[in-house]
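Quick note: numbers below take in every heavy atom, side chains included, and nothing from hydrogens, waters or symmetry partners.
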Amino acid sequence: MRIATWNVNGIRAREAQVREWIAREQIDAVCLQEIKARVDQIPSMLFEAEGYWCYWHGAGAYSGVALHFRKDIVLEKPLCLHPEFDHETRIVTAAVGGVEIASIYVPNGNKDFPAKIRFLEALEAWARRRQEAGVELLLCGDLNVARTDRDVHPKERKPNAVGQRPEERELLERILATGLVDVGRALDPDNDNLFTWWAPWRNLRQRNIGWRLDYILASESLARRAKDCKVFAEVGTSDHAPVVATFE
């Protein structure tokens, strides 16, 4: 199975790009973030025509997530749910083939840092409960935290910048400590240029001066079956790149 996560920074602006990329790459499960649209603002057949079960969770020109599954892989439409800590349409989950997949958009914290901390704390508690219940997890999305200094280009490192603060990084490590693996880093441990987001100025993307904010976190049993995890840095005009992991 190939699973993708992509902060599209507006599905209406990026619709054609997303359609073309999903069709070309034959993605089995698609997690989108920052769709910036209400459900009634999204064409009802968007991606349905391409053979996907689609679920959109948005409230307007801000935030929003989505989950899509190929119908020839997932034969029945999955039930999509929202944990109790969901606010501002930031998380949706679905159980598929014994695995619970989540599309997640963590608050960036620039306007309300305590809200970001509360969300990360709640995500940790939820992930712990689910895994203690024997559920295998795939958490996919824009977590808005650069895990270590290595996940930020040296020119972008700032000791107290939101996204790099110690308390955020500690919470991300606590989420991983529930029994999850950072698949991208596990499969590419020596890459100092592994970034998924670039500020949209000064050609930072072309120069690969970025941050790693987008993750696929997998339960340890799933992570052992991961074959690769690739950042498609050349795809699209969002400030984030898609990340795709392949599992046996």
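- The distance from the CG atom of L139 to the OG1 atom of T178 is 7.5 Å, given to the nearest 0.5 Å.
- Side-chain atoms of S103 come within 3.5 Å of backbone N or O of L32 as a donor-acceptor pair.
- In this structure a side-chain-to-backbone donor-acceptor pair under 3.5 Å is missing from R205 to P200.
- Looking at heavy atoms from C-beta onward, I175 lies in side-chain contact with L123 at the 4.5 angstrom threshold.
- Side-chain contact between Q164 and V152: present, with at least one pair of heavy atoms (C-beta onward) separated by less than 4.5 Å.
- Between R128 and E124, at least one side-chain N (NZ, or NE/NH1/NH2) sits under 4.0 Å from a carboxylate O, which counts as a salt bridge.
- In summary, of the residues considered (K158, R212, R169), a salt bridge (charged side-chain N to carboxylate O under 4.0 Å, His left out) with D149 occurs for R169 alone.
- In this structure, S238 has no side-chain hydrogen bond (donor to acceptor under 3.5 Å, both in side chains) partners at least two apart in sequence or on a different chain.
- V243 and V181 sit in two unconnected hydrophobic clusters of ILVMFWY residues. Membership requires side-chain heavy atoms under 4.5 Å apart, directly or through other members.
- E168 approaches I117 most closely through the heavy-atom pair CG-CD1, 4.3 Å.
- Distance alone, capped at 3.5 Å, places no donor-acceptor pair between the K227 side chain and the F247 backbone.
- Rounding to the nearest 0.5 Å gives a distance of 12.0 Å between CD1 of I35 and CG of N9.
- The shortest distance between side-chain heavy atoms of P83 and T93 falls below 4.5 Å.
- Here the two rings, on H240 and W211, have centers that are 6.0 Å apart or farther.
- For the side-chain hydrogen bond (donor to acceptor under 3.5 Å, both in side chains) test, residues two or more places apart in sequence or in another chain that qualify with R147 are E173, D182.
- Residues Y215 and L172 are in side-chain contact: their nearest non-hydrogen atoms beyond the backbone lie under 4.5 Å apart.
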Y105 vs L143, side-chain contact (heavy atoms from CB on, under 4.5 Å): CA-CA, chis, key distance, verdict: CA-CA 6 Å; Y105 178 42; L143 303 189; over 6 Å; no
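- D28 CG to K71 NZ: the interatomic distance, rounded to the nearest 0.5 Å, is 15.0 Å.
- At a threshold of 4.0 Å, the pair R185-D151 counts as salt-bridged, since one of the basic side-chain nitrogens sits closer than that to a carboxylate oxygen.
- Not a single donor-acceptor pair under 3.5 Å links the side chain of W53 to the backbone N or O of R70.
- Tracing side-chain contacts under 4.5 Å through hydrophobic residues (I, L, V, M, F, W, Y), one reaches I22 starting from F232; they form part of the same cluster.
- Remark: I3 CD1 to C31 SG distance equals 4.5 Å, nearest 0.5 Å.
- Side-chain contact between E15 and V8 is absent, with no heavy-atom pair separated by less than 4.5 Å.
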Candidate pair Q33 and I104, rule side-chain contact (heavy atoms from CB on, under 4.5 Å), full reasoning: CA-CA 7 Å; Q33 299 87 41; I104 304 166; 5.9 Å; no
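- With D112 contributing its side chain and A115 its backbone, the two residues share a donor-acceptor pair below 3.5 Å.
- In E76, the CD atom is not crowded: 12 or fewer heavy atoms of neighbouring residues, nucleotides or ligands sit closer than 6.0 Å.
- Seen from the ring of F85, R90 does not count as a face-on cation partner, given the 6.0 Å and 45° thresholds.
- Between V65 and T89, every side-chain heavy-atom pair lies at or beyond the 4.5 Å cut-off.
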H87 and F119: CA distance, side-chain angles, deciding distance, side-chain contact (heavy atoms from CB on, under 4.5 Å) verdict: CA-CA 9 Å; H87 78 107; F119 189 96; 3.9 Å; yes
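- E34 places no side-chain N or O within 3.5 Å of a backbone atom of N7 that could act as its donor or acceptor partner.
- The aromatic ring centroids of Y52 and F69 lie 6.0 Å or more from each other.
- Side-chain contact between E136 and S221 is present, with heavy atoms from C-beta onward closer than 4.5 Å.
- Side chains of T5 and D214: a donor-acceptor N/O pair is absent below 3.5 angstrom, by distance only.
- Separating the CG atom in L213 from the CH2 atom in W197 is a distance of 7.0 Å, to the nearest 0.5 Å.
- For E25, the side-chain hydrogen bond (donor to acceptor under 3.5 Å, both in side chains) partners at least two apart in sequence or on another chain are R2.
- Annotation: W21 is in aromatic contact with W6 [ring centroid separation under 6.0 Å].
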Residues E88, K36; criterion salt bridge (charged side-chain N to carboxylate O under 4.0 Å, His left out); working and verdict: CA-CA 11 Å; E88 298 179 327; K36 294 184 176 179; over 6 Å; no
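- Judged purely by atom type and a 3.5 angstrom limit, Q17 uses its side chain to pair as donor or acceptor with the backbone of T237.
- At a threshold of 4.5 Å between side-chain heavy atoms, the hydrophobic network of Ile, Leu, Val, Met, Phe, Trp and Tyr places L67 and V74 in one connected group.
- Under a 4.0 Å N-O distance rule, the pair R38/D40 qualifies as a salt bridge.
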From CA spacing to verdict: side-chain hydrogen bond (donor to acceptor under 3.5 Å, both in side chains), H57, D86: CA-CA 11 Å; H57 181 49; D86 178 41; 2.8 Å; yes
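- Between L137 and L180, the closest side-chain pair of non-hydrogen atoms falls below 4.5 Å.
- In this structure a side-chain-to-backbone donor-acceptor pair under 3.5 Å is present from N208 to N193.
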V99 and M1: CA distance, side-chain angles, deciding distance, side-chain contact (heavy atoms from CB on, under 4.5 Å) verdict: CA-CA 12 Å; V99 177; M1 176 175 248; over 6 Å; no
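- Between the CD1 atom in I91 and the CH2 atom in W126 there is a gap of 5.0 Å [rounded to 0.5 Å].
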